[in-house]
Amino acid sequence: MSDARAAFVHDGIAFGCDYNPEQWSPEVWDEDIRLMGQAGVDLVAINVFGWSHLEPREGQFDFGALDDIVNRLHAAGIRLNLGTGTASPPAWLVRAHPDILPMAEDGTRRYHGGRQAWCPSSPAYRTAALRLVRAVAERYGDHPAVALWHVSNELGCHNALCYCAHSAVAFRAWLRRRYKSIEALNDAWGTAFWSQTYREWDEIEPPRITLSTRNPGQVLDFRRFSSDELLDHYRSEAAIIRDVSDAPVTTNFMLTAHIDNLDYWSWAADMDVIANDHYLDHRLADPTVELAFAADLTRGVSRGAPWLLMEHSTGAVNWQPLNLAKAPGEMLRNSLVHVARGADGICFFQWRASVQGSEKFHSAMLPHAGTDSAAWREVCELGAIAGALDDVAGTRVEAEVALVFSWESWWATQAESRPSHSIGYLDQVHAAYGALYALGLTVDVVAPGSDLSRYKLVIVPGLHLVREHEARVVTDWVAAGGTALVTFYTGTVDQDDRVWTGGYTGPFRDALGIRIEEFAPVAPGTELHLSSGAIARLWSERSTATTATVVASHLDGPAAGTPAITRNDWGGGQAWYLGTMLDAAAYRELLATIADAAGVRPATAHDGGDGRVELVRRTGAAGSYLFIVNHSAQSVTADASGRELLTGQDVVGTILVPAGGVRIVRE
Ligand code: GAL
């Protein structure tokens, strides 16, 4: 990576959007660019879905319209986040090569007419896509407006798992590289079971739908393969761009609750800047908390470096069963949560609301109602704030707590055959994170096996799949004086989805000082009562404390009389274990106790807000910035001193943050 690419270099906090001028006539472009100036837009993603416009027929390129828009934006001082245009293949390509269409697990094809209708392993797709990328990169590679390259779009959003014959060939090649011998593959997948033993590589297929449950090792490896296959596609586009352009290269990740297709820990190193798309998901219990988690996860994937919010929405989306509008001020507040948690740019999908196509009911910066609208006024207000935050860019978030997160565990937890379908990996992650959030604590999200030395408290929620050395990083860190909380279902299987025997939690067992003999999940709706007075649900297990102290035990349910919460002295530190799903209030109380014992504090003291206040500090060479985001309906006071950047007022000692308001204090 050249120095020019080492970071996404932008003057301050970028403010921008996806822009799809191909949906509008050139007269509208003039108005768009004038209004972009009014809103403070300085970074625009174009050509994301450009293929059928740039290459109307195979090998015939027409850059006229794109040249025009590139030059107009450049003349207006707007920088480009330039798409390679390969996200959705044109109809002529599908017609010429129908085998690029992805295949679902039941063997049926998915057709042209939506988007992303391509198999990640299709040779014909790859050839055509790379020809387009070369043409775009050569044309604009040294254009001064290009600030960033936007490879494809949300790779794997719809097409991550393709089960066609091309995928089968690529899957076998991937498996040969991973296992070297068919015997090693049989061993890893446990194919002795149900007469599944393979003798030849060609006998292996993608895990298409079966009558009974599928081999879980095969399914898990197919997830790994599918993530790697799209990364390989990204790399092939990026390599062409890097050949001819010095601008940084990235693609927009989907670190969000409803997409689990890619293992972004393995993607991160290939990005010159980490970019994320995030949309509030109102199917979740608490979308606001999930937003904070996703932002922290994005910073984790970025290894603490500033990142870019490439897409979010000003208001409702169009793809949930019920698409809720944002309350007044919510968009502004949420945008600043991303900045508080490490974003150096706030961008939206999209600039002008479409009037046709599947996304015509998706909100935009410029809504159907036009500029005489609350949405537009809030966009302009945010643009002005982004302009006032320029010095924040480049600073880093401070955190004393780490939460270990793993896509492999997320995948393995979804095995078709499992103890309870009411337990999800993200539910456990969100529950732990939600308790820390309610306490106002800032959390770094880290990959299994990451160095923990800078933290005071480490949370390991439901880390179902774990390698021995990944567990050892945690237990050694505890032995060296750290405090950890491990929650149930952690340490159940190894990297091959093979159960760790001798008592669950496997490689964590000794440090936790407990021995779990049997899982005892309970039906949704069943309350479990603990000796501490806490209420829990969904999960219990029959266990004994070997060296641990029992903090709370089950009073009822299938594990009555056995420990539910334990604490074990391990070397110089303490390893806590939570063996059930606590209600939110009890979880918050437990984490308050543990955080207190570990000496963890919020970024500043505050009063009020009922657990709906975010307190985050970003620090850099030039100083530090305290963000206080009040999602509650009451005003909040917090300790702070310095210059408040939204009001321009000096603050001495304490600050009042109004209900629903945000304050950013340069300390
Ligand atoms: C993203 C996508 C955008 C737009 C947006 C709508 O997944 O990258 O193109 O579709 O969602 O929320």
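Everything numeric in this text was worked out from a predicted model, so none of it was measured. Atoms within a ligand are numbered from 1 in the order they appear, just like the ligands themselves.
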request  = Could you list the residues that satisfy side chain to side chain donor-acceptor pair (under 3.5 Å) with S121, not counting sequence neighbours?
outcome  = E229
query = Can R612 and D286 be counted as an ion pair, charged N to O under 4.0 angstrom?
reply = yes
query = When you look at CG of D372, are more than 12 heavy atoms from neighbouring residues, nucleotides or ligands closer to it than 6.0 Å?
reply = no
query = Heavy atoms under 4.0 Å from ligand 1: which residues qualify?
reply = F49, R115, N153, E154, D277, Y279, E311, W319, F349, E359, H362
task = Salt-bridge test for D270 and R235: reply yes if a basic N is under 4.0 Å from a carboxylate O, no otherwise.
result = yes
Show which side-chain atoms of residues 144-157 pair as donor or acceptor with protein atoms under 3.5 Å away, not counting sequence neighbours.
from: W149; atom 1: NE1; to: S245; atom 2: OG; distance (Å): 2.9
from: H150; atom 1: ND1; to: S152; atom 2: O; distance (Å): 2.9
from: N153; atom 1: OD1; to: N252; atom 2: ND2; distance (Å): 2.7

Qualifying residues under salt bridge (Lys or Arg N to Asp or Glu O under 4.0 Å), relative to R299, sequence neighbours excluded = D296, D444
